[in-house]
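Step one of this worksheet: look at the structure below.
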Amino acid sequence: MSTPIEQAADILSKAKSVVALTGAGISVESGIPPFRGKGGLWEKMDPMEVAHIDAFMENPKRVWDLLIKDMKTVLDKARPNAGHTGLVELEELGRMKTVITQNVDGLHQVAGSSDVIEFHGNFAWQRCLDCGQSMPTGQVDLAQSPPQCSCGGILRPDCIFFGEMIPTEALVRSQQVSADCDVMLVVGTSAMVQPSASMPFIAKDNGADVIEINPEPTPLTGRISNLHLMGRAAGLMPKLVAAVRQRLHPS
Ligand code: APR
């Protein structure tokens, strides 16, 4: 009986178009905490009080002080791990086409993925609520709270808060590549937040194999995903890539 990694490698080595859907779990081994589950951010604070647009508009200073400043400290230190680089290697092997990520850390691009859909935006930029001007997060004066734009307007992260719509281009492209792929690799997401969690369903409905990499089962497990590699992304991805490479270029 072949192992789940061998079964996944069989499927990936025959695939023409692979799309990945990633979540906070793929960046855990880069030092970024997840949102849910053990050690999750939302265990320590209520997301509706610190990550909803109404909460931000009501009291931006509070959201900056409680959430955004710490996020900056953690994200500034974060570097891609073997989970991110594994997706790049699958791209170099001609398998991986597009990465749809819910993460705002930009680590897929730093790792070298060439086509990344940032479903929830990117924390590398801040935007002024008044004049709309964008500026790199690295240039924001954090001594001020909330930080302000040169026009005096309040700055907000260029990420999607709860209560906000997903940018149309990101949503439509994600639905398109999910419908067109023949394998979806779902890495490190609890698959609880819509509309990103609907992408594996779209892939499945269009005949794709869905493979999960996650130390925990999710609502997709055994229903939408036909394979679940139970474990951490940085641990499993190198083994999976090696098995795919062995099938494509037997040594
Ligand atoms: N490798 C792979 N998966 C992991 C790892 C790891 N090392 N560590 C944890 N996980 C899994 C957890 O078991 C969980 O299923 O990653 C998942 C993380 O789930 P969430 O914290 O809910 O993150 P995510 O699915 O990305 O959340 C979706 O919710 O809070 C909002 O906007 C935020 O983009 C986020 C969205």
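For reference, positions follow the sequence shown, starting with 1. For ligands, and for the atoms within them, numbers begin at 1 and follow the listed sequence.
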Any pair counted as ring pair (Phe, Tyr, Trp, His ring centres under 6.0 Å), so long as it reaches residues 90-117, sequence neighbours left out: H84-H108

R156 bridged to E164 by N-O distance under 4.0 Å: yes

K97 bridged to E91 by N-O distance under 4.0 Å: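 So K97 does not pair with E91 through a salt bridge.
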
Donor-acceptor side-chain pairing of E118 and Q109 below 3.5 angstrom: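 A pair is found: one side chain offers a donor N or O, the other an acceptor, under 3.5 Å apart.
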
Any side-chain donor near an acceptor of the partner, T22 and Q102, under 3.5 Å: no

One pair per line, please: each N/O atom of ligand 1 matched with every protein N/O atom under 3.5 Å away, atom names first, then the distance to 0.1 Å.
{"unit_1": "ligand 1", "atom_1": "1 (N)", "unit_2": "G25", "atom_2": "O", "d": "3.4"}
{"unit_1": "ligand 1", "atom_1": "1 (N)", "unit_2": "A233", "atom_2": "N", "d": "2.9"}
{"unit_1": "ligand 1", "atom_1": "7 (N)", "unit_2": "E29", "atom_2": "OE1", "d": "2.8"}
{"unit_1": "ligand 1", "atom_1": "13 (O)", "unit_2": "N214", "atom_2": "OD1", "d": "2.7"}
{"unit_1": "ligand 1", "atom_1": "15 (O)", "unit_2": "N214", "atom_2": "ND2", "d": "2.8"}
{"unit_1": "ligand 1", "atom_1": "16 (O)", "unit_2": "G188", "atom_2": "O", "d": "3.3"}
{"unit_1": "ligand 1", "atom_1": "19 (O)", "unit_2": "S190", "atom_2": "N", "d": "3.4"}
{"unit_1": "ligand 1", "atom_1": "21 (O)", "unit_2": "F35", "atom_2": "N", "d": "2.7"}
{"unit_1": "ligand 1", "atom_1": "21 (O)", "unit_2": "R36", "atom_2": "N", "d": "2.9"}
{"unit_1": "ligand 1", "atom_1": "22 (O)", "unit_2": "R36", "atom_2": "NH1", "d": "2.6"}
{"unit_1": "ligand 1", "atom_1": "22 (O)", "unit_2": "S190", "atom_2": "OG", "d": "2.6"}
{"unit_1": "ligand 1", "atom_1": "25 (O)", "unit_2": "T189", "atom_2": "OG1", "d": "2.6"}
{"unit_1": "ligand 1", "atom_1": "25 (O)", "unit_2": "S190", "atom_2": "N", "d": "3.0"}
{"unit_1": "ligand 1", "atom_1": "25 (O)", "unit_2": "S190", "atom_2": "OG", "d": "3.3"}
{"unit_1": "ligand 1", "atom_1": "26 (O)", "unit_2": "A24", "atom_2": "N", "d": "2.9"}
{"unit_1": "ligand 1", "atom_1": "27 (O)", "unit_2": "R36", "atom_2": "NH1", "d": "3.0"}
{"unit_1": "ligand 1", "atom_1": "29 (O)", "unit_2": "R36", "atom_2": "NH1", "d": "3.1"}
{"unit_1": "ligand 1", "atom_1": "29 (O)", "unit_2": "R36", "atom_2": "NH2", "d": "3.1"}
{"unit_1": "ligand 1", "atom_1": "30 (O)", "unit_2": "R36", "atom_2": "NH2", "d": "3.2"}
{"unit_1": "ligand 1", "atom_1": "30 (O)", "unit_2": "W42", "atom_2": "NE1", "d": "2.9"}
{"unit_1": "ligand 1", "atom_1": "34 (O)", "unit_2": "Q102", "atom_2": "O", "d": "3.3"}
{"unit_1": "ligand 1", "atom_1": "34 (O)", "unit_2": "H120", "atom_2": "ND1", "d": "2.9"}

Between CE on residue M237 and CD1 on residue I213, distance to nearest 0.5 Å: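 One finds 4.0 Å between CE of M237 and CD1 of I213.
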
